Amino acid sequence: MQGRLSAWLVKHGLVHRSLGFDYQGIETLQIKPEDWHSIAVILYVYGYNYLRSQCAYDVAPGGLLASVYHLTRIEYGIDQPEEVCIKVFVPRKNPRIPSVFWVWKSADFQERESYDMLGISYENHPRLKRILMPESWIGWPLRKDYIAPDFYEIQDAH
């Protein structure tokens, strides 16, 4: 079943794949990494002016990684804002996705956390570095194939 936004994207020749609707009726779309930045700008202009959240997850051990964006269209006088969920899948070998920091500033820490935990590199992000783990940390802790180290060095623990 195709939603309203998916129909609009098809009408304007924008490549995507409809993934249906979630349990709350929010439309979910899949966008290719190479198309994501231009479609993000188009969605912002279309009215999706608020990035509610960005997260990422490991689809399966040795499989794809996914970056998920929850966008909201906030308008004056509208009680129930329109929402959409965008998923961008990338291979774990070289996970690169264009950053949407320059479209929605709220992507800053959220993309950094996805980088820190899963190793997804957000191209053109102004400060892409670890945010939770020490800079010296090796590996990506939320990947399903991550092997935890035998010990953790705790510094300055009192």
Side-chain angles (χ1 to χ4, degrees), residues 1-10 13-44 48 50-73 82-154:
M1 182 175 185
Q2 190 177 56
R4 195 168 97 185
L5 180 60
S6 183
W8 186 86
L9 291 171
V10 167
L14 299 168
V15 179
H16 71 287
R17 180 175 167 223
S18 178
L19 299 177
F21 297 85
D22 70 6
Y23 72 97
Q24 293 178 311
I26 296 172
E27 187 174 10
T28 303
L29 304 175
Q30 178 181 342
I31 307 291
K32 292 181 182 177
E34 59 271 18
D35 299 331
W36 173 225
H37 189 266
S38 58
I39 290 181
V41 170
I42 290 166
L43 291 175
Y44 184 84
Y48 287 94
Y50 179 60
L51 173 66
R52 189 179 57 175
S53 70
Q54 183 279 328
C55 63
Y57 66 94
D58 190 345
V59 177
L64 298 171
L65 301 174
S67 187
V68 183
Y69 302 81
H70 296 272
L71 307 174
T72 305
R73 188 175 182 173
E82 187 178 331
E83 297 180 44
V84 68
C85 176
I86 304 291
K87 293 187 177 187
V88 181
F89 294 96
V90 291
R92 70 190 320 103
K93 272 269 195 230
N94 187 19
R96 304 180 78 72
I97 297 174
S99 174
V100 292
F101 170 83
W102 301 105
V103 180
W104 298 284
K105 298 290 191 240
S106 60
D108 186 8
F109 284 15
Q110 296 175 65
E111 287 182 341
R112 284 181 59 192
E113 182 179 357
S114 295
Y115 165 73
D116 194 6
M117 296 289 107
L118 291 152
I120 298 172
S121 180
Y122 293 91
E123 297 170 333
N124 296 319
H125 189 286
R127 294 177 289 280
L128 192 63
K129 61 181 184 173
R130 291 199 180 265
I131 192 169
L132 299 171
M133 305 302 288
E135 284 293 329
S136 60
W137 195 266
I138 298 171
W140 315 108
L142 289 185
R143 285 194 182 187
K144 292 182 178 176
D145 55 1
Y146 177 72
I147 298 171
D150 291 338
F151 69 94
Y152 297 95
E153 183 176 320
I154 301 174

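Worth saying up front: this structure is predicted, and the values here are computed from it rather than measured.
At a threshold of 4.5 Å between non-hydrogen side-chain atoms, the residues Cys85 and Glu27 do not count as touching. At least one side-chain heavy atom of Val84 sits less than 4.5 Å from a side-chain heavy atom of Tyr48. When side chains are defined from C-beta on, Asp108 counts as touching Arg127, because their heavy atoms get closer than 4.5 Å. Val59 is not listed as a side-chain neighbour of Leu65, based on a closest heavy-atom distance of 4.5 Å or more.
In terms of the side chain to side chain donor-acceptor pair (under 3.5 Å) criterion, Ser18 has no residue partners (sequence neighbours excluded). Residues passing the side chain to side chain donor-acceptor pair (under 3.5 Å) test with His37: none are found, sequence neighbours excluded. By the ring pair (Phe, Tyr, Trp, His ring centres under 6.0 Å) test, Tyr122 pairs with no residue at all, sequence neighbours left out. Remark: Glu34 pairs with no residue by the side chain to side chain donor-acceptor pair (under 3.5 Å) rule, at least two apart or across chains. Under the rule for a ring pair (Phe, Tyr, Trp, His ring centres under 6.0 Å), the partners of Trp8 that lie at least two apart in sequence or sit in another chain are His12, Tyr46. For Trp140, the side-chain contact (heavy atoms from CB on, under 4.5 Å) partners two or more places apart in sequence, or in a different chain, are Tyr115, Arg130, Arg143. Residues satisfying the salt bridge (Lys or Arg N to Asp or Glu O under 4.0 Å) criterion with Asp35, sequence neighbours excluded, are absent altogether. Partners of Glu123 by salt bridge (Lys or Arg N to Asp or Glu O under 4.0 Å), not counting sequence neighbours, listed by chain and number: Arg96. Residues passing the salt bridge (Lys or Arg N to Asp or Glu O under 4.0 Å) test with Arg73, sequence neighbours excluded: Glu75, Glu82. Shown here are the ring pair (Phe, Tyr, Trp, His ring centres under 6.0 Å) partners of His125, two or more places apart in sequence or in another chain: Phe101. For Arg92, the side chain to side chain donor-acceptor pair (under 3.5 Å) partners at least two apart in sequence or on another chain are Asp58, Asp145.
Scanning all heavy atoms of the two residues, the minimum distance from Val103 to Ala40 falls at CG1-O, 4.0 Å. Across all non-hydrogen atoms, the minimal contact from Ile120 to Ala56 is CD1-CB, 3.8 Å. Taking both residues in full, the closest heavy atoms of Gly139 and Pro141 are given as O-CD, 3.7 Å, listed atom of the first, atom of the second, then distance.
Remark: Ile39 CD1 to Ile31 CD1 distance equals 4.0 Å, nearest 0.5 Å. Atom CD1 of Ile138 is separated from atom CD1 of Ile147 by 12.5 Å, given to the nearest 0.5 angstrom. Note: Ile131 CD1 to Met117 CE = 9.5 Å, rounded to the nearest 0.5 Å. Note: Phe109 CZ to Asp116 CG = 12.0 Å, rounded to the nearest 0.5 Å.
More than 12 heavy-atom neighbours from other residues, nucleotides or ligands sit within 6.0 angstrom of NZ on Lys105. By the 6.0 Å contact criterion, CZ on Phe21 is enclosed, its count of non-hydrogen atoms from other residues, nucleotides or ligands being greater than 12. Dense packing is recorded around NZ of Lys144, with more than 12 heavy atoms of other residues, nucleotides or ligands lying under 6.0 Å away. Counting non-hydrogen atoms of other residues, nucleotides and ligands closer than 6.0 Å to OH of Tyr44 gives a total of 12 or fewer.
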Show, in sequence, the C-alpha distance, side-chain angles and deciding distance for Val10 and Gln2, and conclude whether the side-chain contact (heavy atoms from CB on, under 4.5 Å) test is met.
CA-CA 10 Å; Val10 167; Gln2 190 177 56; 3.4 Å; yes
Determine, stepwise, if the pair Leu43 / Leu71 fulfils side-chain contact (heavy atoms from CB on, under 4.5 Å).
CA-CA 9 Å; Leu43 291 175; Leu71 307 174; 3.8 Å; yes
Stepwise side-chain contact (heavy atoms from CB on, under 4.5 Å) test for Tyr57 and Val68:
CA-CA 8 Å; Tyr57 66 94; Val68 183; 3.5 Å; yes
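For Ser53 and Gln110, the side-chain atoms include no donor-acceptor pair closer than 3.5 Å.
Under the 30°/60° scheme for interplanar angles, the aromatic rings of Tyr69 and Trp36 are found to be tilted.
Here the rule is side-chain contact (heavy atoms from CB on, under 4.5 Å) with Glu111, and of Ser106, Ser99, Ser67 only Ser99 fits it. Of the candidates Lys87, His16, Arg17, Leu29 forms a side-chain contact (heavy atoms from CB on, under 4.5 Å) with just one, namely His16.
In this structure, Glu83 pairs ionically with Arg52, as a charged nitrogen and a carboxylate oxygen lie closer than 4.0 Å.
Sorted pairs that involve residues 60-72 and meet salt bridge (charged side-chain N to carboxylate O under 4.0 Å, His left out), not counting sequence neighbours, are lacking altogether.
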